[in-house]
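Written out below as structure tokens is the structure these notes cover.
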Amino acid sequence: MTIYMQRDSQIVMKELKEVLHFVCSVEFWRMAVLWTFALLTSYFQLFVQSFFHREANSYMRCVPPTTGIRRPVCIVTGATSGLGAAAAYALSREGFYVVLVGRSSHLLSKTMMDITSRNNNAHLKTFQVDLSSFQSVLKFKELLQQWLLDSNMHSSIQLLINNAGILATSSRLTAEGYDKMMSTNYIGAFCLTKLLLPLLKNSPVPSRIVNVTSFTHRNVFGAQMDNETVSGKCFLRSKCYPCAHIYEYSKLCLLLFSYELHQQLRLMDKSRHVSVIAADPGVVETNIMREIPSFLSLVAFTVLKLLGLLQSPENGISSVLDAALAPPETSGVYFFGGKGRTINSSALSYNSKLAAELWTTSCDLFMKSKLACRDLSK
């Protein structure tokens, strides 16, 4: 009995030390203060818009088009829990054939069973993919094409939702030597989109890319878009891993990428066949904060709940569904707050020069990864 008490005491002391260490870090206060301020800034924009009745910033949801296809195909990354799982269920109810993408085969099966138990008419397919690995993403693209062929379906997809994301509190490297959080949150989304763009363009009906970003991007006031920064290597040199800053940076990159791809597609395709939209769900009670000491995440969620700012995944997906089901001609906008509403993202996110630099760097990383995979396959 005494041994068990000593073990429990040691566990408590260890957890207490972790809490104190994290509370004393710059990253904690960045999250506690700056993230809250950024969130309130977004809600303030909604308040101002509603006060002045700016209806032009609101979009109605539409029924997914099906002309020329039996059932529209939607891909949701990070679909094993939280927002991804909730979005997958909601889109299955809208008539999509939902492709669930996640790292864990066990959790994918669990999500699939949960959706089918609530929606008997759900059409689902799962693929185990690690978005932080280019090789895994490339393999997924090949398997997806083969599945479409074997299923006698049209060789296209109608909706891609880049939802996967992590909030890591310690430094981790990918096989390519990149920071894992940057790879999962941004580089993986960029590579997946680039690989699947031909399938989106091949759709007989208008198709769409939805990038799930975050209000935290507002806390980035200056950024470089060179290889060292976008790959996250420069952050790894810091004495303390700047987890909050990297997370903010990855979400800013997603926005810059969204707006740049929107502009490029408009120049290449006057018919606006493929649209690109950013969606910010706000604060949602998911397991994204699982690496933060449990006591602190519990306190944070409790405070946000008391302030009325914390949403369940079922409510938090409103902006994601608004973006997914907005009229086909809608593109290059930032959904936030549900009810089809859009607001402006940060001034830096509209910097076209920065977006062009990010695009060049991202394409360079993409080509390097592609060449490395080609060498491995020889």
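Heads up: numbering here begins at 1 and tracks the sequence. Keep in mind that what you see is a predicted model, and the values were worked out from it rather than measured.
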Rounded distance (nearest 0.5 Å) linking atom [atom1] of [X] with atom [atom2] of [Y]:
X	Y	atom1	atom2	result
Lys125	Leu143	NZ	CG	8.5 Å
Arg218	Ser346	CZ	OG	6.5 Å
Phe336	Ser319	CZ	OG	8.0 Å
Ser109	Leu124	OG	CG	11.5 Å
Lys141	Cys191	NZ	SG	12.5 Å
Leu159	Ser203	CG	OG	10.5 Å

Would you say [atom1] of [X] has more than 12 non-hydrogen atoms from neighbouring residues, nucleotides or ligands within 6.0 angstrom?
X	atom1	answer
Tyr350	OH	yes
Phe301	CZ	yes
Gln224	CD	no

Flag side-chain contact, heavy atom, 4.5 Å: [X] against [Y]:
X	Y	result
Leu199	Ser155	yes
Thr302	Leu304	no
Val320	Phe335	no
Leu173	Asp179	no
Phe96	Val73	no
Val101	Val76	no
Arg172	Met181	no
Leu354	Leu256	yes

Show your working on side chain to side chain contact (heavy atoms under 4.5 Å, CB included) between Ser81 and Asn287 and close with a plain yes or no.
-> CA-CA 8 Å; Ser81 63; Asn287 63 355; 3.6 Å; yes
Is there a chain of hydrophobic side chains (I, L, V, M, F, W, Y, each step under 4.5 Å between heavy atoms) that links [X] to [Y]?
X	Y	value
Phe127	Met153	yes
Leu192	Leu148	yes
Phe134	Val230	yes
Val137	Phe190	yes
Val33	Val299	yes

Taking [Y]'s backbone N and O only, do any of them form a donor-acceptor pair with [X]'s side chain (distance below 3.5 Å, no angle check)?
X	Y	value
Ser136	Ser133	no
Thr169	Ile292	no
His245	Cys243	no
Lys251	Val212	yes
Arg341	Ser50	no
Gln135	Lys370	no
Asn202	Ser156	no
Gln45	Asn344	yes

Could you tell me whether the side chains of [X] and [Y] share a donor-acceptor contact shorter than 3.5 Å?
X	Y	result
Asp130	Ser132	yes
Asn163	Thr77	no
Tyr247	Thr216	no
Ser250	Glu248	no
Glu142	Gln146	no
Ser25	Glu27	no

Is it true that Tyr241 and Phe235 have ring centroids separated by less than 6.0 Å?
-> no
What ring pair (Phe, Tyr, Trp, His ring centres under 6.0 Å) pairs are there with at least one residue in residues 145-185, not counting sequence neighbours?
-> Tyr97-Trp147
Looking only at heavy atoms, which two atoms of [X] and [Y] are closest? And how far apart?
X	Y	result
Gln128	Ser105	OE1-CB, 3.7 Å
Ile161	Cys74	CD1-SG, 4.4 Å
Ala79	Thr111	O-CG2, 3.3 Å
Ser258	Asn211	OG-ND2, 2.8 Å
Pro327	Met60	CD-O, 3.2 Å
Thr80	Ser104	CG2-O, 4.0 Å

Less than 4.0 Å between a side-chain N and a carboxylate O, is that true for Asp322 and Arg61?
-> yes
Show me the side-chain donor-acceptor pairs of residues 360-368 shorter than 3.5 Å, one per line, residues at least two apart or across chains.
from: Thr360; atom 1: OG1; to: Ala356; atom 2: O; distance (Å): 3.0
from: Thr361; atom 1: OG1; to: Met225; atom 2: O; distance (Å): 2.4
from: Thr361; atom 1: OG1; to: Glu357; atom 2: O; distance (Å): 3.1
from: Ser362; atom 1: OG; to: Tyr186; atom 2: OH; distance (Å): 2.5
from: Ser362; atom 1: OG; to: Leu358; atom 2: O; distance (Å): 2.7
from: Asp364; atom 1: OD2; to: Asn227; atom 2: ND2; distance (Å): 2.7

Quick one: side chains of residues 274-286, donor-acceptor pairs under 3.5 Å with protein atoms, not counting sequence neighbours, listed by atom name and distance.
from: Ser275; atom 1: OG; to: Ser207; atom 2: O; distance (Å): 3.4
from: Ser275; atom 1: OG; to: Arg208; atom 2: NE; distance (Å): 2.8
from: Ser275; atom 1: OG; to: Arg208; atom 2: NH2; distance (Å): 3.3
from: Asp280; atom 1: OD1; to: Gly282; atom 2: N; distance (Å): 2.9
from: Asp280; atom 1: OD2; to: Phe215; atom 2: N; distance (Å): 2.8
from: Asp280; atom 1: OD2; to: Tyr334; atom 2: OH; distance (Å): 2.6
from: Thr286; atom 1: OG1; to: Ile288; atom 2: N; distance (Å): 3.3

Determine, stepwise, if the pair Val210 / Asn162 fulfils side chain to side chain contact (heavy atoms under 4.5 Å, CB included).
-> CA-CA 6 Å; Val210 176; Asn162 287 313; over 6 Å; no
Before giving the answer on side chain to side chain contact (heavy atoms under 4.5 Å, CB included), spell out for Thr213 and Leu252 the whole-Å C-alpha distance, their side-chain angles and the decisive distance to 0.1 Å.
-> CA-CA 8 Å; Thr213 183; Leu252 173 68; over 6 Å; no
So, is the end of the Arg118 side chain (NZ or CZ) under 6.0 Å from the ring centre of Tyr89 and within 45° of the ring's axis?
-> yes
Is there a side chain to side chain contact (heavy atoms under 4.5 Å, CB included) between Thr184 and Arg103 once you walk through the steps?
-> CA-CA 11 Å; Thr184 303; Arg103 285 179 294 175; 5.6 Å; no
